[in-house]
Q: 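Can you read through this structure? Questions will come right after.
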2 protein chains.
Amino acid sequence: MTSKVETVVSVRSRNFVHSENLPQKVVSLLYGDIDSGVLAPGNRLPTEQQLAARLGVSRNVIREAIAQLRADGIVEARQGIGVFVLAPEQRAAIRIDRAALQDAGNMERLFELRSVLETEAAALAAIRRSPDQLAAIKAHLDRMSGEERWEDGSIDADLAFHREIAKATDNTYIHTFISFVCEQIRQTIYYARKINPLHDLVTVNVGEHVRIYDALVAGDPKAAAHAMRHHIHGAAERVGVKLGEYPREAETAAKRKKAAT
Amino acid sequence: MTSKVETVVSVRSRNFVHSENLPQKVVSLLYGDIDSGVLAPGNRLPTEQQLAARLGVSRNVIREAIAQLRADGIVEARQGIGVFVLAPEQRAAIRIDRAALQDAGNMERLFELRSVLETEAAALAAIRRSPDQLAAIKAHLDRMSGEERWEDGSIDADLAFHREIAKATDNTYIHTFISFVCEQIRQTIYYARKINPLHDLVTVNVGEHVRIYDALVAGDPKAAAHAMRHHIHGAAERVGVKLGEYPREAETAAKRKKAAT
DNA sequence: AAAATTGAGTTGTAGGATGATATGAGGACT
DNA sequence: AGTCCTCATATCATCCTACAACTCAATTTT
């Protein structure tokens, strides 16, 4: 078999809460210990037997959990010695706790990341989009417009619209990252709709998308970036999140006080 | 025990041929079958026992391998039925061969993503950075300046500088994403130095960093973004990659021909 | 003192046994 | 005939024991 070095970007476990595996629980637990510093980088994990005994599961479950951590680059297992926590620089693993996304503050940060990524992506897409990609983007836009209310289909079309733009950047990495974020957004929206019914501002939403699309057609990166940023800020507000001022256009914000973390 | 749903972005590296695990081999094998279409989306995998018998390993090994595929969102195991290959849309898992990073084109895309992310991050950091974070950034800058040539230590300090800025955005997601990209960059640089010795333009490099730092101190997001963008384009050139024009400042580029993907 | 041996501890692999869950076949009842 | 129930079967999920391979340190031997 090939000895490739691969990079895997993965969205783990969709919204099925139904039956979380035992190994998954162990993974969450160990992740928590590592994040909270109980298990610092360089530390050795308890032995598989100890973990099995402490958590009341079999050693196989522990092994599957550790296999995942190892696959994610969080720990390193050395036969005959033990399992060790890797330094954050080495681990290069992103973990987004989806439960944390239900916090409004985290949702705000997620939308901010989205703004950062997609604003520039729109500018790139405006320059590079092919006619075919324009058509695909238009198709999603039409599908979105067809919906009367903000239903699931509309959300799917909305996100597909954004993914298509990301694809039009002709940059796999940007596409990958934005797809990833979009998936998070989808989960977040599903949750947000449970706690408070969203405003049915389809008209506004579609209008914002149309402006983005027009900028792409015109091949105007500046306009595309601006329209995208405006849209994402609007979308954030519609799910109950208020983003800060546009960083690039509002230097005055530099004077506001910032509490140290 | 918590019932968290998690999302993980991970770098998996199995270039170490020395001790490739049995489960890793099985993962590679199944990945290959899925990629090549032998196992199409919707198909059911052979049962654990069949796989174990066919590959001559124990079921535990098969289980660990499948657990990883499941963690990556490639397959879905349903108790009592079997393990099924997910459709690419559902799987939301993209595999990037790191060998591809050694292609100049991919390196260019990676730097482009970096530009997208860090430009905006610099603007945010200019607004939000705390005094402590400024000090930390300065420390990395000094460490970088101390090096005579572009050695490993200098590279580490360089990347740490960027990570610290990402951290100063006060946005965990942005920080995480940029850290991830930085790690890819590090791998890329190590490779790039093998094929052709890099230019030792430490002075230039440090100068660019100083400009970024000054903008952060001044709290000027526009200047920070501009300095960062300029720096990343310069850094890309120093490793032999020429990025396109600044998308936001050069609308004229919209007219250039673009071959469809 | 240096080298070889031994032993304990740990992860890696093997294989069986049992529980949980989904599917489909067959029969009983309406 | 159609519906519902029960049961056998297939499969994953978990548990268990045992052994192999590896590392390290203490012990013994040279």
Side-chain angles (χ1 to χ4, degrees), chain A residues 1 3 12-14 16-30 33-34 39 42-86, chain B residues 1 3-5 12-14 16-30 33-34 39 42-86 90-91:
Chain A
M1 197 33 51
S3 65
R12 170 184 301 169
S13 98
R14 22 216 127 271
F16 307 142
V17 197
H18 64 301
S19 70
E20 191 172 67
N21 279 343
L22 243 34
Q24 288 294 338
K25 291 184 186 173
V26 176
V27 166
S28 294
L29 195 75
L30 291 177
D33 280 354
I34 291 173
L39 289 172
N43 284 162
R44 211 195 68 183
L45 268 63
T47 70
E48 295 176 348
Q49 297 191 359
Q50 288 173 341
L51 282 173
R54 181 185 310 173
L55 304 180
V57 297
S58 80
R59 189 169 155 235
N60 278 352
V61 172
I62 302 293
R63 279 196 64 79
E64 279 194 27
I66 290 182
Q68 285 192 30
L69 292 182
R70 204 174 33 178
D72 289 347
I74 306 296
V75 301
E76 176 188 22
R78 288 190 285 181
Q79 186 173 2
I81 311 179
V83 181
F84 296 86
V85 180
L86 290 178
Chain B
M1 198 166 295
S3 68
K4 291 177 183 174
V5 180
R12 167 187 306 163
S13 73
R14 48 177 186 273
F16 310 129
V17 196
H18 65 294
S19 71
E20 193 173 61
N21 280 343
L22 245 30
Q24 289 294 340
K25 290 184 186 173
V26 176
V27 167
S28 296
L29 197 76
L30 292 177
D33 280 354
I34 291 174
L39 289 171
N43 284 162
R44 209 197 69 187
L45 268 65
T47 69
E48 296 175 348
Q49 297 195 358
Q50 287 174 341
L51 281 173
R54 181 184 308 172
L55 305 180
V57 298
S58 77
R59 287 203 321 283
N60 276 344
V61 173
I62 302 293
R63 278 198 63 80
E64 281 193 23
I66 290 181
Q68 279 187 228
L69 292 183
R70 205 174 32 179
D72 288 348
I74 306 297
V75 302
E76 176 188 21
R78 289 192 288 182
Q79 189 173 190
I81 312 179
V83 181
F84 296 86
V85 181
L86 290 178
Q90 302 174 346
R91 83 176 61 148

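In what follows, every heavy atom counts, from backbone to side chain, and hydrogens, waters and symmetry copies are set aside. The chains referred to below are lettered A, B, ... by the order of the sequence lines, with proteins before strands, and numbering in each begins at 1.
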Q: Does A/R63 put a side-chain nitrogen or oxygen below 4.0 Å from OP1 or OP2 of C/dG12?
A: yes
Q: What do the steps show when you test B/L29 against B/L55 for side-chain contact (heavy atoms from CB on, under 4.5 Å), and what is the final call?
A: CA-CA 10 Å; B/L29 197 76; B/L55 305 180; 3.5 Å; yes
Q: Protein within reach of the bases, or only the backbone? For nucleotides 17-25 of chain C, mark each nucleotide 5' to 3' as B, S or -, using heavy atoms under 4.0 Å.
A: B-BBBSS--
Q: Between residues 43-52 of chain B and DNA chain C, which residues have a heavy-atom gap below 4.0 Å?
A: none
Q: So, is B/S58 near the phosphate of C/dT13, with a side-chain N or O under 4.0 Å from OP1 or OP2?
A: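 So the side chain of B/S58 is outside the cut-off, no N or O lying under 4.0 Å from OP1 or OP2 of C/dT13.
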Q: For the pair made of CD in B/E64 and P in D/dA13, what is the distance, rounded to whole Å?
A: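 B/E64 atom CD is separated from D/dA13 atom P by 14 Å.
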Q: What is the distance from CG of B/L55 to P of C/dA14, rounded to the nearest Å?
A: 11 Å
Q: Taking only residues at least two apart or on different chains, which pairs with a member in residues 56-65 of chain B satisfy salt bridge (charged side-chain N to carboxylate O under 4.0 Å, His left out)?
A: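 Every pair satisfying salt bridge (charged side-chain N to carboxylate O under 4.0 Å, His left out) with a residue in residues 56-65 of chain B: A/R63-B/E64, A/E64-B/R63, B/E48-B/R63.
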Q: Would you say CD of A/Q50 has more than 12 non-hydrogen atoms from neighbouring residues, nucleotides or ligands within 6.0 angstrom?
A: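 More than 12 within 6.0 Å, yes.
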Q: Applying the side-chain contact (heavy atoms from CB on, under 4.5 Å) criterion to B/L45, which one of B/V83, B/D33, B/I62 satisfies it?
A: B/V83
Q: Which value, rounded to the nearest 0.5 Å, describes the distance between B/Q68 atom CD and B/Q24 atom CD?
A: 4.5 Å
Q: State whether the distance check finds a donor on one side and an acceptor on the other, under 3.5 Å, for side chain B/N60 versus base C/dG12.
A: no
Q: Under the rule for side-chain contact (heavy atoms from CB on, under 4.5 Å), what residues qualify as partners of B/N43, not counting sequence neighbours?
A: B/A40
Q: For a side-chain contact (heavy atoms from CB on, under 4.5 Å) check, start with the C-alpha distance between B/L69 and B/L30, then their side-chain angles and the critical distance, and finish with the verdict.
A: CA-CA 9 Å; B/L69 292 183; B/L30 292 177; 3.6 Å; yes
Q: Looking at residues at least two apart in the chain, or sitting in another chain, which of them share a side-chain contact (heavy atoms from CB on, under 4.5 Å) with A/R54?
A: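 A/R54 satisfies side-chain contact (heavy atoms from CB on, under 4.5 Å) with A/P46 only.
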Q: Would you mind reporting whether A/I74 and A/I34 have side-chain heavy atoms less than 4.5 Å apart?
A: yes
Q: How many Å lie between CD1 on A/I66 and C1' on C/dT13, as a whole number?
A: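 It is 15 Å, rounded to the nearest whole Å.
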Q: Using atom CD1 of A/I62 as one end and atom P of D/dC15 as the other, report the distance to the nearest whole Å.
A: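 Spelled out: CD1 on A/I62 to P on D/dC15 is 9 Å.
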Q: Rounded to the nearest Å, what distance is computed from the CZ atom of residue B/R70 to the C1' atom of nucleotide D/dT11?
A: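 Distance, rounded to whole Å: 13 Å.
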